[in-house]
Structure formats: C-alpha cells, structure tokens
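Reviewing the structure listed below.
The sequence lines fix the lettering, A, B, ..., with proteins before strands; numbering per chain opens at 1. All values derive from a computational prediction rather than experimental measurement.
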Amino acid sequence: MGLSGKDLIGLQFVPAKEIKLILDTATPMKEIIKRQIKKVPTLRGRSVVTVFYEASTRTRVSFELAAKYLSADTVSITANTSSVSKGEGLKDTARTIAAMGADVVVLRHPMAGAAELLARTIEAPVINAGDGAHEHPSQALLDLFTVREKKNRLDGLKVAIIGDILHSRVARSDIWGFTKMGAEVRLAGPAPLLPPEVEKMGARVCACIEEALADADVINILRIQLERQQQGLFPGLREYSQLFGINKERLKLAAPDALVMHPGPMNRGVEIAPDVADGVQSVINEQVTNGVAVRMALLYLLTGGGNP
Amino acid sequence: MKLLIKGGTVIDPGAGIITEKDILVADGKIAKTGANLSAGGAEVLDAGGKLVAPGLIDIHVHLREPGYEAKETIFSGTRAAARGGFTTIACMPNTNPVADNAAIISYIKSTARAKGAVNVYPIGAITKGSKGEELAEMGDMKEAGAVAFSDDGMPVMNAGLMRRAMQYAGMLGMTIISHCEDKNLSAGGSMHEGYMSTVLGLKGIPASAEEAMVARDILLAEETGCRVHIAHVSTAGSVRLVREAKSRGVKVTAEVTPHHFSLTDQAVAGYDTATKVNPPLRTAADVAAVKEGLADGTIDVIATDHAPHTVEEKDMEYERAPFGMVGLETAVGLVWTELVATGVLSPLQAITKLTLNPALVLGISKGTLVSGADADITIIDPALSWTVDPEQFAGKSRNSPFTGRLLKGLPYMTIVGGRVVMLKGSIGTGP
C-alpha cells in the first residue's frame, strides 16, 4: 500500500489509514538514523530539491538529512524573499526546477496556497514544508509519531495546543492529524489569536488555559512572535507569559505523565519556562529526531515506495 | 434604417408589464410598439419565444482605460458589454490617471463615442487621486458628463470628508456610490473571514469591515440628504442595514453582483485566484440574505463590478494576486440560472434591476421601451445555454471563476441606438 495523492500539501485531505501508513513507515526509518552508518540505497539516483522562501534551518536540514540518509541527491535553494517582491514568480522557479528533473520538491513559503500552486504546476511530487498559516503536514506527522511512540496510542488522548493558533500552520495540521487519529484537541490562546470557527475543524476552544490543560496527555506549546504584538494582536510578551506561559505550576494541571512538545524555535521564558522545556516530560529534542524519520518515510512513500 | 422586432415577449419595467408585441425601430429610436405592426420596409427580426427588454445597464464596470490597457480598453470592454447583453455601462474612475477631473471624463466619453460598442457613462472620483484627502472638482466633472461619484476600491475612510462629499454631491443633485470597506478592519485580508479562511490559512476580511461602512454612509446620507448607492452588497448585515434605512425613508439604493449571489467562500478552496474579489465571496447564509434582499426590493440593482486583470497578474500566490473578476459576459446567464430559473426573481423583477433601476440610480434617460426612447434593446433567449469558456470572451481578460459552469438563459441580441452590435455571441455592426 502507498499514498493516494501525488503530493503532500496538508493533512486535511489525507485519510487516517494513510497517516497510519506514514507513521508505520517512519518506525524502521528511525532505526536507520540510530545506526552508525546512516545510509540506505532506497533513493539512489533520485533528486530532492528543497526550496525555502522563508528562513528555517531546522526544517530544511531535517529534509536534507532525510534525503541523504536514503541516498538521494539533494539541492537546496534558499530563495531571496526580496526577489519575490520584485515579481519573480514561484511558478517560474518551479518550472525551472522541474525542467532540471527534480524527483521531489520540498517547499517552504510565506504564503498560504503556495504549495498547492506549485503542485499544480509541476509533475513531481511536492511536499509542503509550511505555507503561510495554512499547513505544515510533516511537522504534524512528527508530532503524531512522537506521541504514538511514547503513549502507544493516539486514540482517546487529550491534546492541548496553546498559543497563537491564528498564524500557526502547525496548529492546523495538528488539529487535522490528531482528530483524524481519534484524539481530542483543545485550543487556548489570546482571543485575537484564535481563528474564527476553528471548532468546525473538530477542535474545542477553551475559555481559559486551565480548561485546556486539565488532565491533558499532550501539551503542544506554540511559538509566540513579537511581531504579533507589534501588529497589536496582544498587549505584550510579559502579560502573555503570565496568562499563557507553561510553567511548572500550570504543568501540574495536566496528566502526571503529560508530554510537553514545541515545534521550535522556543522563546524560553515566554511561552515555555526553561525548566519545563528541559524537564523530564519534555520530548522536544526527540521531536527533532523523529522529524528526520517521518520525512524519510514521506520521501520514500511519495517516490512510489509501498506501491505494487 | 428601420428594424421591426416581431413576436417577442416584451418586458417593460417602466409600465411593469409583460406582453407579446412588436417594436418598430427607426432612426435609432423606438418608433412604435404594438401588436402586429406592419414592416413597411423595415428589416424584420423574429423574436418569437424570446424576451425583449430595454437595453441592459451595468453601473459598475472597470474599463481600465486610460492607464491599464493590458487588462481592458474602452474598445474591448464595451464589446464584452455588448456580448453580455449590456447596451449601457458606467465605468469606475480608478484608471491611471484617476478620473478625478473633467479632462479625463471627457477623454473617456470621446473615446467611447469613437471606439465603443455601447453607451459609456463615466463615474468621477470623489477625492483627488482617490487619495481620500481633498474633494475632486465634482461640478466640473458633472459638466463634462460624469453621472455619479465614487472612490470605489479606495473608500473614503475619513468620515468628515465623506460627509462633505455628500453635502457637495447633494448640492449638485448627484449620487455618491460607496464601496463600503473599513480599511482598518479589512487590512491584509484576501478572503471572507470565517471557517474557510481558518482552514486555508488566509487572512480574513470580516463582515463588519463592510457593515460598519454601510452603517456610516447610511447615517451620513440621512444627515446630508444626499443620494447614496451602496455598491456590491455582500453580507446579510448590509442587507439588513439597507432594508432598515429604506424603511425610514433614507435615500439609499443598493446593488449586488452576480458572483455574490452565485458563489460562497467555499469556492476559494484550491486557492484559485479567480475567486479573489473585494468584497470577498461570503457564506451561504449571506448568499441567502442577498437573494432575500433582491426579492423584497431592498437591493435595487444587479451590477457586475467587471474587474479585468491579466493572466500574469492573477497567476500567482493567492495573497499576492489582485482583487477582481470579470463579469459582463456571464451576468445575464447567472441572473437567469441562479435567480429566475430558481424563482427568486420573476423575469420582470430581474429585468427591472438590470434596466430601469440602474438608470434611476444614475439619473439617465435609459432603461425604457416607450416611443421616442433610444433604441437600446436586449433580446434574451431563456432556452439558450452555454458552458462558460473564457476563451470566447470578447473582453481582454479571462479572470472568471465561472469557467466550465453551465448557464441557461443568455443574451441573444444587443441593439444599441438601433444598431445590432451583438447576435448570438458574435460582435458586429449589423443592419
């Protein structure tokens, strides 16, 4: 069995059984990462191009290593965002890359819908590595993988997502992913940073952070950006930390074995207290390792792996 | 040159009646109407089974000339109008330079006379450069032929300035057309704010961005006594505000576009930039409210907000693409398919909102078939159907979200000043 779509744009349209397939495929991939010689010939002779219109060392390196561990050739393009404003379109870049024979294109872009635009333009599979506030499916898949590995299940778990939901592509992909896998998703954050009618996606909006954290099995803490304060969306980081920061006291509201997650990079002392980030319940570093494994699984499956 | 339109079902919104009768056209005017008129040497057009209406009027068109001729010109835009069954259009002033003075108004009128296929009435800007800072010379523009004033997509945010604009336009007996959008509420948005904007991760434009300004302009209209026409109403709240204002006797009229009664924000899924329009496509509840407003008379006019853009401008990321869609060549089909065939409007009501009412908003002597009137006539064939193919458009641009949609009830013939300018989709200058 393989994936039904050519691309991975978001988890909204990926059925639960395919999410499970990706997670199941990531398990042996993680084993490869732990070997001394981290290389299998699976994608030898294939090329993976990462195109990043937005700075993100973490995700770009994760995809590149995933490709290299599978023996694919990789090229990374860090597009200068100023060239975007000069009108050099994404579609032209896409056609150029396609003409050079890329087998998979990984795209990070500041605008929602960019990955879909690219996927429509080229024949090669496109993996969305984050498009504006739309989706970041590989991040959600690594979150799912991490939780499943720790809890041995996803069904019935209580997952709290805390912070700037409005601008978060991670939150959207997590909501689709966790709810499809049978988990209960709760959201809390400053009211202007909660997107309208998000309940219809299957998540519950909590009136206060205490409600979101009560007996939670997973706490996913989103990065709060200073830029949002400058846009007037909330009064300030100090108050944010007081109202929504996850510290040891707040963590006690969750289940005793609750997992603490963060998609990174963290603002220590703002949305997450340093002792929580580095505490025993934190799986933040493992998320990074699992990210490589999940991306290996995606590259394998999207290049035809698993298909008869 | 004489023309006899025979055997059609004639819709006369002025008299409010539909009857089978003939229309005799001579020297560009309606010479006579009645049963079984004799040809007497006139060319005879068989209109049996078809609806014969006064020439349709679209009071919200962007012709793009001068300045943006790659998108549309007066030549191409008036041909798109003719193909869509419109004999008269009013064009918005957001050209380059902005139509904020008598010289540009005169240029548009003279170019339209020389190259246009239909009648063109320019709308002048409210403020110089549509910058919302100083009033434009409305008196001068009226002299030159402007029929109303609007800053359209650059709405006058300063309420004090808008109030003075209404006082001044009211003094001149002119109408202010208001594109209602509070720029602080809509800033950065590219679609309706709601579930779909949440799922797609696009910044939303809340309904309140429109409604706050509808409320403001109704209050200012009431205070100043100026006639205000609310452009492209798109939300249930706006319909409610206009309905309430009318019940109190405020001199306010309103229009809706075909896309706002035919599509919802669901159409944005897939990020097709042809669906990016301002005001944005709203929810199913808004569409229902707009239809109710059309049916009960709250909304007087159907206008297209025909906004052509080139392929290069539209073929990009959703947030970067410009707002607007073309509408002239799909309007009648959408009115018939979405409103008349479904019983929302009777054929008489629909035609009234496409002829008499827009003429009244602009204060122009059009939209009637009485003897002596200009022979602007649109013949509609309710049986004619078309799967929308933008490649067949007479206009320059292709940015339509209706590509592939089956429409039934189409303009069959467009007659301007007694001349056939369109027959069965083909543009020409007939008999």
Side-chain angles (χ1 to χ4, degrees), chain A residues 9-13 53 81 84-95 107 109-121 128 130-137 165-173 175-176 187 192-203 205 231-233, chain B residues 70 182-209 211 235 237 264-276 280-286 309-323 399 401 403:
Chain A
I9 304 301
L11 293 191
Q12 184 185 3
F13 299 110
Y53 281 85
T81 38
V84 174
S85 58
K86 281 178 197 154
E88 283 174 27
L90 169 65
K91 289 189 98 167
D92 285 333
T93 310
R95 288 192 189 101
L107 178 75
H109 197 283
M111 288 176 191
E116 190 151 334
L117 180 71
L118 183 67
R120 277 202 304 262
T121 310
N128 180 11
D131 62 327
H134 176 222
E135 285 223 43
H136 189 359
I165 314 291
L166 181 65
H167 299 96
S168 177
R169 49 194 170 215
V170 176
R172 284 173 180 76
S173 291
I175 293 169
W176 294 126
L187 308 172
L193 295 175
L194 294 172
E197 300 179 52
V198 67
E199 297 89 345
K200 284 197 206 162
M201 288 175 71
V205 174
Q231 292 166 352
L233 289 165
Chain B
D182 184 317
K183 288 283 189 185
N184 295 314
L185 287 168
S186 65
S190 50
M191 68 174 295
H192 173 66
E193 181 181 288
Y195 174 68
M196 290 306 294
S197 68
T198 290
V199 167
L200 295 170
L202 290 168
K203 190 166 185 321
I205 299 173
S208 60
E211 292 156 5
T235 76
T264 68
D265 59 350
Q266 296 274 346
V268 182
Y271 301 95
D272 177 3
T273 57
T275 65
K276 185 173 174 181
L281 301 174
R282 304 285 187 182
T283 66
D286 293 308
H309 292 294
T310 65
V311 172
E312 305 85 81
E313 290 168 312
K314 275 288 194 180
D315 193 13
M316 58 171 65
E317 298 89 327
Y318 203 86
E319 288 164 86
R320 292 176 69 206
F323 288 104
N399 52 309
T403 304

(request) With a 4.5 angstrom heavy-atom cut-off, could you sort out which part of Lys200(A) is near chain B: side chain, backbone, both or neither? (result)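 For Lys200(A), heavy atoms of backbone and side chain both lie under 4.5 Å from chain B.
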
(message) For Arg169(A), which atoms come within 4.5 Å of any heavy atom of chain B: side chain, backbone, both, or neither?
(response) neither

(request) Supply the atom-to-atom distance Leu200(B) CG to His134(A) NE2, rounded to the nearest 0.5 angstrom. (result) 6.0 Å

(request) Kindly compute the distance separating OH (Tyr271(B)) from CD1 (Ile9(A)), expressed to the nearest 0.5 Å. (result)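 The OH atom of Tyr271(B) sits 9.5 Å away from the CD1 atom of Ile9(A).
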
(request) Scan residues 188-208 of chain B for pairs that pass side-chain hydrogen bond (donor to acceptor under 3.5 Å, both in side chains), counting only residues two or more places apart or in two chains. (result)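 Residue pairs passing side-chain hydrogen bond (donor to acceptor under 3.5 Å, both in side chains), neighbours aside: His192(B)-Arg282(B).
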
(message) Give me the atom names and distance for the closest heavy-atom approach of Ala114(A) to Glu317(B).
(response)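 Taking Ala114(A) first and Glu317(B) second, the nearest heavy atoms are CB-CG, 4.3 Å.
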
(message) Just so I know, are the side chains of Val199(B) and Gln12(A) near enough to count as touching, which here means a heavy-atom distance under 4.5 Å?
(response)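 A side-chain contact under 4.5 Å exists here.
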
(request) Apply the test side chain to side chain contact (heavy atoms under 4.5 Å, CB included) to residues Leu90(A) and Met316(B): give CA-CA distance (whole Å), side-chain angles for both, the deciding distance (0.1 Å), then the verdict. (result) CA-CA 7 Å; Leu90(A) 169 65; Met316(B) 58 171 65; over 6 Å; no

(request) Without swapping roles, check the side chain of Arg120(A) against the backbone of Gly270(B) for a donor-acceptor pair under 3.5 Å. (result) yes

